[in-house]
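The sequence lines fix the lettering, A, B, ..., with proteins before strands; numbering per chain opens at 1.
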There are 2 protein chains.
Amino acid sequence: MLPESFLPTNLDVAQLRSSCATCSLRELCLPVGLNDQEVDILGEVVSYKRKVKRGSYLHRTGTKFQALYAVKSGFLKTCILEEDGRQQVTGFHMTGELLGLDAISTELHTCDAIALEDSEVCEIPFAKLEEISRTIPSLMHHFHKIMSREIVRDHGVMMLLGSMKAEERLATFLLNMSRRLAIRGYSESNFNLRMTREEIGSYLGLKLETVSRAFSKLQDEAVISVNNKHIQIHDLQRLKTKMGNSSCAT
Amino acid sequence: MLPESFLPTNLDVAQLRSSCATCSLRELCLPVGLNDQEVDILGEVVSYKRKVKRGSYLHRTGTKFQALYAVKSGFLKTCILEEDGRQQVTGFHMTGELLGLDAISTELHTCDAIALEDSEVCEIPFAKLEEISRTIPSLMHHFHKIMSREIVRDHGVMMLLGSMKAEERLATFLLNMSRRLAIRGYSESNFNLRMTREEIGSYLGLKLETVSRAFSKLQDEAVISVNNKHIQIHDLQRLKTKMGNSSCAT
DNA sequence: ACCCGATTTTGATTCAGATCAACCCGAAGA
DNA sequence: TCTTCGGGTTGATCTGAATCAAAATCGGGT
């Protein structure tokens with residue numbers, strides 16, 4: 001099994017989906033452990049909200065980096081692509097997660113971010129974030145934790161890509177989705193995927209046909225039900241065992 | 001070809017290997033763009049130096065995180081390992097690079113760091129680093145860049161593991177080593193590897209036999225010479241073309 | 001309701017890399 | 001010097017996933 005730390009939570013609070021209609025900071029991943037006054041300070045920074053229609057870009061590779069984006073609602077993917085056309089999905093991102101961390105290093109975005117459904121993000125001008133984090137140490141520390149968690153997540157994916165078989169990869173992926181949805185208050189065993197088989201494949205280092213076959217196999221074994229994008233997990237426990245033992249019985 | 005940003009430089013200054021025998025801060029990756037006074041402040045934080053003998057651990061998975069480590073000399077690997085014994089090398093680290101970034105998120109190390117040759121590191125207590133970075137904005141910003149660069153590097157590895165063939169992976173790996181050595185003033189075309197075939201394989205998601213065969217193939221094609229751990233690159237240009245075009249002629 | 005393009009599933013075949021196995025080589029130690 | 005042992009190379013075979021191909025299904029628009 002992958003270590004717990006593989007799972008890219010990207011948020012520490014469970015009560016994300018507030019009923020508040022405005023761009024409430026409380027929904028984001030950043031203001032963990034801040035007092036009201038500090039949240040107010042942060043609030044002036046993240047005021048700008050942006051809508052991203054399904055299929056359109058939040059940012060493109062090579063464009064200037066100015067702000068991080070906190071996902072307020074919706075679902076996005078990030079991917080890098082080579083000149084020769086090869087594409088690698090580097091992540092899927094849902095409510096409360098932070099996008100753009102990779103762009104800090106060069107001041108240019110190093111990947112594309114594309115909405116897989118109509119989404120909303122809060123823009124967080126990075127220069128301002130650094131500025132106020134000087135006066136709010138806990139904010140700075142939490143931001144460091146978020147970046148670090150992204151590194152840990154990436155290491156988990158390296159492990160997956162480097163040494164897991166197709167079925168293990170898919171099981172890991174499903175459990176990851178399940179867990180992240182559960183944290184946000186959705187069902188852990190009943191959900192709709194927002195991405196295509198090809199996108200899943202790109203993320204997992206597999207071809208789309210292989211992903212499809214792996215789905216079918218898990219369904220044949222009655223571990224899950226698959227109806228196109230709709231997934232139902234019947235046996236979470238058994239799915240977990242699939243994650244980590246290629247050596248054990250199939 | 002991988003984007004330039006793939007290459008995990010982890011330092012911005014070329015003149016790393018100063019002749020100064022003490023633990024000069026100037027050699028590290030952190031004090032970029034600081035004035036003398038600021039370097040002095042930072043100096044009080046990173047005073048402690050630690051030796052790590054070849055084969056021994058700098059830190060182990062699960063132990064408490066207290067400090068980042070800046071490699072002063074030597075060569076280390078980091079790896080995560082599963083209960084079932086599977087191991088994944090997540091990186092190789094040389095002079096000037098920063099270790100331990102993954103541990104910030106949970107306050108526990110999420111990987112082992114093992115010296116592949118006798119090495120020296122400077123300990124940087126993280127709490128203190130955060131503290132002084134409040135008063136030195138450029139230090140904070142540079143630290144953010146370093147973390148971000150690690151994320152970009154990891155994405156590059158994901159690309160490699162997700163969509164490259166064995167030979168492409170090895171070519172990419174060699175060019176990466178070559179470049180990092182060149183930055184440090186060593187030959188870009190003539191160097192000794194410090195890790196075994198198995199460790200290379202783990203990093204690249206290949207078995208050691210496959211790594212060995214890929215080496216032999218590149219040698220047969222007169223692109224490189226291999227003598228055990230000693231590598232000589234004869235045709236850097238051709239090696240670069242190997243990196244990115246599985247579709248093109250072999 | 002119907003159509004069209006995109007997506008998904010499934011089958012047949014191929015192939016890159018894993019696995020199994022033998023052997024070689026060089027450094028460390030008796 | 002001889003032995004041993006951890007790497008490393010190379011060959012033979014196997015296999016999981018890629019590739020090629022053809023249906024089936026879904027969803028959006030008219």
Side-chain angles (χ1 to χ4, degrees), chain A residues 53-55 77 85-89 114 116-118 160-174 192-221 224-231 242 245-250, chain B residues 54-55 77 85-89 114 116-117 160-171 173 192-221 224-231 242 245-247 250:
Chain A
K53 275 240 162 305
R54 175 184 163 156
K77 72 170 176 180
R86 269 186 290 192
Q87 188 180 26
Q88 175 76 31
V89 171
I114 300 169
L116 296 183
E117 63 177 36
D118 291 358
L160 177 142
L161 292 171
S163 67
M164 284 188 177
K165 298 233 251 296
E167 210 187 327
E168 298 174 302
R169 295 184 197 192
L170 188 64
T172 306
F173 169 77
L174 287 174
N192 284 293
L193 298 173
R194 303 293 147 76
M195 69 296 278
T196 67
R197 300 289 188 262
E198 187 167 20
E199 285 160 339
I200 297 172
S202 172
Y203 184 61
L204 299 179
L206 301 168
K207 291 294 158 185
L208 66 97
E209 295 96 328
T210 307
V211 173
S212 179
R213 277 183 242 272
F215 270 125
S216 300
K217 178 131 183 286
L218 288 175
Q219 184 166 40
D220 290 347
E221 296 171 338
I224 64 173
S225 286
V226 188
N227 263 92
N228 226 357
K229 295 236 171 21
H230 183 82
I231 304 292
K242 296 251 166 210
N245 30 14
S246 50
S247 45
C248 300
T250 312
Chain B
R54 176 183 161 155
K77 71 169 176 181
R86 268 185 291 191
Q87 188 180 27
Q88 174 76 32
V89 172
I114 301 169
L116 297 183
E117 63 177 34
L160 177 141
L161 292 170
S163 67
M164 283 189 179
K165 297 234 251 300
E167 210 187 327
E168 299 174 302
R169 296 185 197 192
L170 188 64
F173 169 76
N192 284 292
L193 298 173
R194 303 292 146 76
M195 69 296 278
T196 67
R197 300 289 188 263
E198 188 168 18
E199 287 161 338
I200 297 172
S202 172
Y203 184 61
L204 298 180
L206 301 169
K207 292 292 158 185
L208 65 96
E209 295 96 328
T210 307
V211 173
S212 180
R213 277 183 241 272
F215 269 126
S216 299
K217 178 130 183 285
L218 287 175
Q219 185 166 40
D220 290 346
E221 296 171 339
I224 64 173
S225 287
V226 188
N227 264 91
N228 229 355
K229 294 233 170 23
H230 183 82
I231 303 292
K242 297 250 165 211
N245 30 15
S246 52
S247 45
T250 312

Engineer: So do the side chains of A:I200 and A:Y203 get within less than 4.5 Å of each other, counting heavy atoms only?
Structural biologist: no

Engineer: Report the end-to-end axis angle of the helix from C:dA1-D:dT30 to C:dA30-D:dT1; each axis comes from five terminal pairs, and the value is rounded to 10°.
Structural biologist: 40°

Engineer: Given side chains that start at C-beta, do those of B:T196 and B:L208 come closer than 4.5 Å, heavy atoms only?
Structural biologist: no

Engineer: Any base atoms under 4.0 Å from B:T196, or only sugar-phosphate, or nothing? Heavy atoms, all strands.
Structural biologist: sugar-phosphate

Engineer: In the 5'-to-3' direction, what one-character label does each nucleotide of nucleotides 24-30 of chain D receive under the scheme B = base within less than 4.0 Å of a protein heavy atom, S = sugar-phosphate only, - = no such atom?
Structural biologist: --S----

Engineer: Quick one: does B:R169's side chain get under 4.5 Å of B:L161's, heavy atoms only?
Structural biologist: yes

Engineer: Can you tell if the side chain of B:E167 reaches within under 4.5 Å of the side chain of B:E221, non-hydrogen atoms only?
Structural biologist: yes

Engineer: Any side-chain to backbone donor/acceptor pair from A:R197 onto A:K207? Under 3.5 Å, distance only.
Structural biologist: no

Engineer: B:K242 versus B:E168: any side-chain heavy-atom pair under 4.5 Å?
Structural biologist: no

Engineer: Measure from the side chain of B:R197, starting at C-beta and using heavy atoms only, and say which of C:dT8, D:dT9, D:dG7 lies closest.
Structural biologist: D:dT9

Engineer: Whole Å only: how far is the CG atom of A:L204 from the P atom of D:dA17?
Structural biologist: 12 Å

Engineer: Take atom CG of A:L170 and atom C1' of D:dG16, then tell me their distance rounded to the nearest Å.
Structural biologist: 15 Å

Engineer: Return yes if some donor-acceptor pair links the side-chain N/O of A:S202 with the main-chain N/O of A:Q87 below 3.5 Å, else return no.
Structural biologist: yes

Engineer: Are A:D118 and A:K53 ion-paired here, with the side-chain N under 4.0 Å from a carboxylate O?
Structural biologist: yes

Engineer: For A:H230 and C:dT8, give me the distance from atom NE2 to atom P, rounded to whole Å.
Structural biologist: 15 Å

Engineer: Hey, are B:R194 and B:E117 close enough for a salt bridge, meaning a charged N less than 4.0 Å from a carboxylate O?
Structural biologist: yes

Engineer: Please report the distance, rounded to the nearest Å, between CD in A:E198 and P in D:dA18.
Structural biologist: 12 Å

Engineer: Does D:dG8 have OP1 or OP2 under 4.0 Å away from a side-chain N or O of B:K229?
Structural biologist: yes

Engineer: Are A:F215 and A:I231 side-chain neighbours, meaning at least one heavy-atom pair lies under 4.5 Å?
Structural biologist: yes

Engineer: Find every protein N or O atom lying less than 3.5 Å from an N or O atom of nucleotides 15-23 of chain C, and list the pairs.
Structural biologist:
from: C:dG17; atom 1: OP1; to: B:A166; atom 2: N; distance (Å): 2.7
from: C:dA18; atom 1: OP1; to: B:K207; atom 2: N; distance (Å): 3.4
from: C:dA18; atom 1: OP2; to: B:K207; atom 2: N; distance (Å): 3.3
from: C:dA18; atom 1: OP2; to: B:T210; atom 2: OG1; distance (Å): 2.2
from: C:dT19; atom 1: O4; to: B:R213; atom 2: NH2; distance (Å): 2.9
from: C:dC20; atom 1: N4; to: B:E209; atom 2: OE2; distance (Å): 3.3

Engineer: Do side-chain atoms of B:R86 reach the backbone of A:S163 as a donor and acceptor pair under 3.5 angstrom?
Structural biologist: yes

